[in-house]
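Working notes for the structure below.
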Amino acid sequence: MAHYKVPPEERRLFRRGPWENLATLLIAVGVVMLMQPFSLSVYGWSFATILAGTVGFVIVSHFPE
């Protein structure tokens with residue numbers, strides 16, 4: 001099976017560090033949304049935000065360093 005060689009500019013785009021930071025930030029925003037006492041609709045979206053951040057983190061953990 002032939003391996004596809006990824007161009008250097010694509011390798012820079014899919015680096016683990018910045019994407020992990022973004023996923024972690026998304027999880028933190030979801031937790032803040034969960035704990036805020038002001039808006040029920042923001043509270044309602046908190047689980048989806050935390051879930052999206054967690055799934056993103058799992059996917060990004062497979063990116064090269």
Side-chain angles (χ1 to χ4, degrees):
M1 178 177 193
H3 293 282
Y4 174 70
K5 184 78 172 161
V6 179
E9 60 274 0
E10 285 186 28
R11 270 188 249 139
R12 277 193 307 248
L13 182 62
F14 294 110
R15 301 299 293 222
R16 183 184 299 180
W19 289 104
E20 275 186 351
N21 292 339
L22 183 66
T24 304
L25 180 67
L26 192 59
I27 293 169
V29 166
V31 170
V32 169
M33 290 168 64
L34 185 68
M35 294 188 299
Q36 59 83 29
F38 305 112
S39 172
L40 191 58
S41 64
V42 172
Y43 173 80
W45 280 100
S46 64
F47 177 73
T49 305
I50 294 170
L51 184 63
T54 304
V55 168
F57 191 87
V58 168
I59 291 170
V60 166
S61 69
H62 292 86
F63 284 5
E65 293 220 17

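For the single chain, residues carry numbers from 1 onward in sequence order.
- Following chains of ILVMFWY side-chain contacts shorter than 4.5 Å, one can reach I59 starting from L51, so the two form part of one hydrophobic cluster.
- Inter-residue side-chain proximity for L22 and L26 is flagged as unmet; no heavy-atom pair is nearer than 4.5 Å.
- Across V42 and M33, no two heavy atoms sit closer than the pair O-CE, 3.3 Å.
- Across all non-hydrogen atoms, the minimal contact from G56 to A23 is C-CB, 4.1 Å.
- Hydrophobic clustering of Ile, Leu, Val, Met, Phe, Trp and Tyr side chains at less than 4.5 Å, counting indirect connections, keeps L40 apart from W45.
- Of all heavy-atom pairs spanning Y43 and L34, the tightest one is CD1-O, 3.4 Å.
- Residues S61 and E20 approach most closely at CA-OE2, 4.3 Å, considering heavy atoms.
- Contact of the F63 side chain with the R15 side chain is not registered, since no non-hydrogen atoms from C-beta on lie closer than 4.5 Å.
- Hydrophobic clustering places V55 together with F47 (ILVMFWY residues linked when any side-chain heavy atoms are closer than 4.5 Å, directly or through intermediates).
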